[in-house]
2 protein chains.
Amino acid sequence: MTNSSSERPSEFALIAQLFAPLANAPGAFGLLDDAAVIGARAGHELVVTTDMVVEGVHFLRHDPPELIAKKALRVNLSDLAAKGAEPYGYLLALSLPSRLSMDWLVAFAEGLRQDQREFGITLLGGDTTATPGPLSIAITAFGYVPSGQMIRRGGAQAGDLVFVSGTVGDAGAGLAVLRKPQDVPHAVRDFLVHRYHEPRPRVALGVALRGVASAGLDVSDGLLADLGHLADVSGVGIEIDAHRLPLSAALQGLWGDDLQTRIRAATAGDDYEIAFTVAPGRVGEMVTAVRDSAVITQVGRVTDSRSVVLLDDNGCAISALKGGYTHF
Amino acid sequence: MTNSSSERPSEFALIAQLFAPLANAPGAFGLLDDAAVIGARAGHELVVTTDMVVEGVHFLRHDPPELIAKKALRVNLSDLAAKGAEPYGYLLALSLPSRLSMDWLVAFAEGLRQDQREFGITLLGGDTTATPGPLSIAITAFGYVPSGQMIRRGGAQAGDLVFVSGTVGDAGAGLAVLRKPQDVPHAVRDFLVHRYHEPRPRVALGVALRGVASAGLDVSDGLLADLGHLADVSGVGIEIDAHRLPLSAALQGLWGDDLQTRIRAATAGDDYEIAFTVAPGRVGEMVTAVRDSAVITQVGRVTDSRSVVLLDDNGCAISALKGGYTHF
């Protein structure tokens, strides 16, 4: 593996200078060994997930490097959170265009460092390589879950209630604002852009939902699209009431609060909230378990059809959707 | 995650059609869950490693897709082998240019399927995304090693003997032949190109070397460059005798057998052989352990200097090297 930039040190110097200080676990061997060991935790299984993010697809070329690092990491931590797993560590594979400077890389590593502290995780290993194309970042994240308690996508049953954490649509609105500057108050803009750049993996919520949610996943493609995946795997349908969707004040400030806004919010991606289902008889237990780990909202219910539909205020299915939503 | 090709099915259809049949472990959940669980194996640690390969850097755009798949997988299995780990499974993150057809992807998956059977491993999960750039493949591989027995880079001591498996330089010669067709016999060309396209992870050798090699790694950057890494981490020097380097008949057929050929062989990359060190008093034990798992050759010795040198027939250090070799 080599890199072609004259401005940057070799791969080995890069690793030693920037990344080895991030590798604190004994099993990472200070990144000197090109492999790491992960020990077993009694009574637990290791949950593994991988996501690759690509410049121009998942982030913008001129996004701040700290934020690119955090987003690449957090989309993986969000996967772990939705499974009820406690994050432990990660592997980082980078393909770097030669134009990226050492300053850029230092800032990127600083973003990782901040999030390692915030989420209590460590770098375990990785790989850096040159690329003639866009920056690509593949992260594999590891977490522990008590054996047999991983929250799955396939457990939803007709009659279950559907919940989502936080608010939906903010990240999509933030991306829209970044792509096409709009005349909105700074506070609105900043909130939405922040939601796009720095998703908050719902780790505590995921842990609380173990054993009580019948199914769950994180919202990355858009609430309706992701609930479509959950419904497919569970072999059920889902109805979502548009008027129940939790919208932030900022989103309403940007887009208003009509049905069109609610459709956009339900089909926008990158929220990284958790959507989950709970049997009606277990909602009290769920609320007790969740406590203050997250604000949650009931947005719909699981049906015995096979379709996922968004209902307007009259309970009529809305059919003219686009974006991530492909389940009509 | 979306892809932009009109020729290909959606990410979900791709996964269901091509990749789910490759995911046989119960903990892969048929790839329906965007995460996998890996159970503990009593008395063992999990070894993890990741490598990203990029079109135009690690493979050529028009290489057969089966071979691209195999190489991406094998460079990771080679890392596991060098650690003494038994491969178990892998995660696959793909960023796909829209020009790649469904036929291409079918052939790519077929390459994975063949190697899963050959190496006794399973797909555990992954991610596919679109990219405006070159094809990039990030694989994270998992293997098991008895606790505390991972072969490290840092254990070489002055006086240890240095060995390498198989022959060196073939893959580099194969790449040279691919890049610039040369007038050589078909059998020579085919052998060398095959060595470039289909490296053979030395799994059985790695297992045999547990507890008897003082240090080891796989040869990816070139023998001298990689021994440089081993020497750095171990805090030692290494002398390699050029005349001891094991060269294939095909390589000698292409490049002859003078000192220049031996320098090229020692600095060419992509061999994926294992280089390792053994204390002189344990060589008999090592040979017994290795048995017929691989042909091995003693090529040099560990010194108490801090430099890695290639010696000519007169025992003089050769200083005019290039390529991966940066330790003069």
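Chain letters run A, B, ... following the sequence lines, proteins first and then strands; every chain starts at 1.
- Contact check for A/F19 versus A/L112: side-chain heavy atoms found under the 4.5 Å cut-off.
- Contacts of A/V48 with chain B are made by both backbone and side-chain atoms, with heavy-atom separations under 4.5 Å.
- Between the A/S234 side chain and the A/R153 main chain, a donor and an acceptor come within less than 3.5 Å of each other.
- A salt bridge between A/K71 and A/D270 is present, with a side-chain N of the basic residue lying under 4.0 Å from a carboxylate O of the acidic one.
- In this structure, no portion of B/L217 lies under 4.5 Å from any heavy atom of chain A.
- Judged by the 6.0 Å and 45° rule, A/R152 forms a cation-pi pair with B/F29.
- Listed by chain and residue number, nothing satisfies the side chain to side chain donor-acceptor pair (under 3.5 Å) test with A/Q149 (two or more places apart in sequence, or in another chain).
- Contacts between residues 30-37 of chain A and chain B, defined by a heavy-atom separation under 4.5 Å, are made by A/L32, A/D33, A/D34, A/A35, A/A36, A/V37.
- In this structure, no portion of A/L124 lies under 4.5 Å from any heavy atom of chain B.
- Take B/Y90 and apply the ring pair (Phe, Tyr, Trp, His ring centres under 6.0 Å) test, not counting sequence neighbours, and it matches no residue.
- Remark: of the listed residues B/T49, B/D51, B/D218, B/D218 is the sole one forming a side chain to side chain donor-acceptor pair (under 3.5 Å) with B/S78.
- B/V47 touches chain A through backbone and side chain together, each having a heavy atom under 4.5 Å away.
- Residues of residues 133-141 of chain B that come within less than 4.5 angstrom of chain A, heavy atom to heavy atom, are B/G133, B/P134, B/S136, B/A138, B/T140 in numerical order.
- Between the side chains of A/H229 and A/D221, a donor-acceptor pair is found at a separation under 3.5 Å.
- Looking at A/L94, only its backbone comes within 4.5 Å of chain B, counting heavy atoms on both sides.
- With rounding to the nearest 0.5 angstrom, the CG atom of B/L96 is 5.5 Å from the CG atom of B/L105.
- Note: B/A93 leads B/A93, B/A40, B/G143 in heavy-atom pairs under 4.5 Å with chain A.
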